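In what follows, every chain begins at residue 1, and chains take the letters A, B, ... in the order their sequences are listed. Since this is a predicted model, take the numbers as computed values, not measurements.
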Number of protein chains: 2
Amino acid sequence: MRLTSKGRYAVSAMVDLNKQQNGPVTLAAISERQFISLSYLEQLFRCLRESGLVKSVRGPGGGYLLAKTAKDISIAEIIRAVNEPVRTTMCENGVRGCHRGNRCDTHQLWESLGQHIYRFLDAVSLEQVCAKDAVLDHIELGNVEDYLSSRTLPEGSVKIEAIS
Amino acid sequence: MRLTSKGRYAVSAMVDLNKQQNGPVTLAAISERQFISLSYLEQLFRCLRESGLVKSVRGPGGGYLLAKTAKDISIAEIIRAVNEPVRTTMCENGVRGCHRGNRCDTHQLWESLGQHIYRFLDAVSLEQVCAKDAVLDHIELGNVEDYLSSRTLPEGSVKIEAIS
DNA sequence: TATAAAGCCGACTATTTTAGTCAAGTATAA
DNA sequence: TTATACTTGACTAAAATAGTCGGCTTTATA
């Protein structure tokens, strides 16, 4: 998972989409409200649609709708949708593995951090971002010990960068 | 705070440095062990020195030493040291603030995430990374509610990217 | 005091990623 | 049948990152 303005744009657009109540929302409208170029939005929404987060209605009066309720869409999903598929660079894979230098020592650290970010963003729903004053349950998000003990990552998990 | 390979290189180099026990360590030696170019290491160590994490000994037999004990150096410090100073892009600052689109809605989310990452990396010391089998205290790292309630950030805090 | 080891420093280049554009489609409501 | 709006792929520009180069300064030691 990369944390760039691309992902932020996508989240802003989804927040906008969720706020509109009356039928399909055109990208042109989102573009005006969110100050994101139409062409760029098209690119983002292609990803969002392919990930099953939004559905499109073509033709006049068309636009985009959320494919699920806002409660069931996490911020992590949105960000993952608009970024490249994760290349999981585990120790075992590839020629530039962890056998060089101290990378293996630090590998676990980066992986744990990735998990940490993932858990955070996965625990926040689109609905929560739209209604910031809601009272949320306390969610335990892990601790430093994780980075010593954790071995397995959920499928399609977090990547900060190419982690060797 | 940016999470790039630059920061990872710096952490690897610091791990290497901490593992050596006998006097100053030359960059040439670290370069060989960690497969990082000498020139690049010079650049990194300039930052590390200016941040007070290492001290240098010039002349023959010289090299670098940790300026503090490994227990007192956090991973966050190392990463901050080699990255540009944080430009805190708060709502109030600059012309491209939060008055455009939904950015203000999501601003708090990104800031909270930044804090979250910061807390994680600040809770892990260089010593802990070097001795992964140590038993660590459980450290509470915050929850989703933070992102609703938190308003202030520590000086020189985390940045994921230019957060508008 | 000459020499070589080692850090110090600034400017430069290359590469990659990100952001954004363009042009030419297709589906469909009115 | 026409205008709206999504669809798609290729392209370009800008920025950030990664890495290089050349020359300088300090200092232990022979």
Side-chain angles (χ1 to χ4, degrees), chain A residues 1-13 17 20 23-32 34-51 53-65 67 79 82-87 96 159-162 164, chain B residues 1-10 12-13 17 20 23-32 34-51 53-65 67 79 82-87 96 159-164:
Chain A
M1 172 177 300
R2 266 168 277 166
L3 301 165
T4 67
S5 65
K6 192 175 190 178
R8 289 203 307 281
Y9 280 150
V11 173
S12 288
L17 189 53
Q20 313 306 318
V25 181
T26 69
L27 293 188
I30 296 175
S31 171
E32 276 189 19
Q34 305 302 326
F35 303 89
I36 306 169
S37 86
L38 178 60
S39 307
Y40 201 44
L41 276 177
E42 287 173 349
Q43 197 173 298
L44 297 177
F45 272 76
R46 188 196 309 192
C47 299
L48 294 170
R49 185 172 49 82
E50 286 167 354
S51 296
L53 299 179
V54 300
K55 55 192 172 189
S56 63
V57 179
R58 298 179 70 154
Y64 285 94
L65 298 164
I79 293 175
V82 298
N83 282 309
E84 299 299 299
V86 177
R87 350 165 220 151
R96 302 180 54 187
K159 160 172 157 299
I160 307 303
E161 257 249 327
S164 69
Chain B
M1 173 176 300
R2 265 166 278 168
L3 301 164
T4 66
S5 67
K6 193 174 188 178
R8 290 203 306 281
Y9 280 149
S12 289
L17 188 54
Q20 315 304 319
V25 181
T26 68
L27 294 187
I30 296 176
S31 171
E32 277 190 19
Q34 304 302 326
F35 303 90
I36 306 169
S37 88
L38 179 60
S39 307
Y40 202 44
L41 276 176
E42 285 177 352
Q43 194 173 300
L44 297 176
F45 272 77
R46 190 193 308 189
C47 299
L48 293 170
R49 186 171 48 82
E50 286 167 355
S51 296
L53 298 179
V54 300
K55 55 191 172 190
S56 63
V57 179
R58 298 180 70 155
Y64 286 94
L65 298 163
I79 293 175
V82 298
N83 283 308
E84 299 300 299
V86 176
R87 353 166 218 148
R96 302 179 54 187
K159 160 173 157 301
I160 306 304
E161 259 249 326
I163 298 171
S164 70

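Looking at every heavy atom in both residues, N83(B) comes nearest to I79(B) through ND2-O, 3.0 Å. Residue S31(A) comes nearest to L38(A) through the heavy atom pair OG-N, 3.6 Å, listed as atom of the first residue, atom of the second, then distance.
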Give each protein N/O atom lying under 3.5 Å from an N/O atom of nucleotides 21-23 of chain C, with the pair distance.
| unit_1 | atom_1 | unit_2 | atom_2 | d |
| --- | --- | --- | --- | --- |
| dT21(C) | OP2 | S37(A) | OG | 2.8 |
| dT21(C) | O4 | Q43(A) | OE1 | 3.3 |

Which atoms of nucleotides 2-4 of chain D (N or O only) lie under 3.5 Å from a protein N or O atom, and what are those distances?
| unit_1 | atom_1 | unit_2 | atom_2 | d |
| --- | --- | --- | --- | --- |
| dT4(D) | O2 | P60(A) | N | 3.4 |

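Note on V54(A): nothing from the nucleic acid sits closer than 4.0 angstrom, heavy atoms only. The residue R46(A) sits close to a base: some heavy atom pair falls under 4.0 Å. Among the heavy atoms of the strands, none lies under 4.0 Å from F45(A).
Rounded to whole angstrom, the span from the CG atom of L41(B) across to the C1' atom of dC8(C) amounts to 14 Å. Atom pair L44(B):CG and dT17(D):P shows a separation of 13 Å (rounding to whole Å applied). Rounded to a whole Å, the CG atom of L27(B) is 15 Å from the C1' atom of dG19(D). As rounded to whole Å, 14 Å separates atom P of dG20(C) from atom CZ of F35(A). Taking atom NZ of K55(A) as the reference point, atom C1' of dA5(D) lies 18 Å away to the nearest angstrom. Taking atom CD1 of residue I36(A) and atom P of nucleotide dG20(C), one finds them 9 Å apart after rounding to whole Å. The nearest whole Å value for the distance from the CD atom in E32(B) to the P atom in dA6(C) is 12 Å.
From Y40(A), atom OH reaches atom CG of L27(A) across 14.0 Å, with rounding to the nearest 0.5 Å. Separating the CD1 atom in I30(A) from the OH atom in Y9(A) is a distance of 14.5 Å, to the nearest 0.5 Å. The distance from atom CG of L41(A) to atom CG of L48(A), rounded to the nearest 0.5 Å, is 9.5 Å.
The phosphate of dT18(C) (OP1 or OP2) has no side-chain N or O of R8(A) nearer than 4.0 angstrom. OP1 and OP2 of dG7(C) both lie 4.0 Å or more from every side-chain N or O belonging to R49(B). Phosphate proximity of dA5(D) to S56(A): absent, as no side-chain N or O sits under 4.0 Å from OP1 or OP2. Contact annotation: Y9(A) side-chain N/O to dG20(C) OP1/OP2 distance is under 4.0 Å.
For Q20(B), the side-chain hydrogen bond (donor to acceptor under 3.5 Å, both in side chains) test picks out D16(B), with sequence neighbours left out. S39(A) is linked by a side chain to side chain contact (heavy atoms under 4.5 Å, CB included) to S37(A), counting only residues two or more places apart in sequence or in another chain. With sequence neighbours excluded, no residue forms a side chain to side chain contact (heavy atoms under 4.5 Å, CB included) with E32(B).
A distance-only check finds no donor-acceptor pair linking the side chain of S56(B) to the backbone of Y64(B) [under 3.5 Å].
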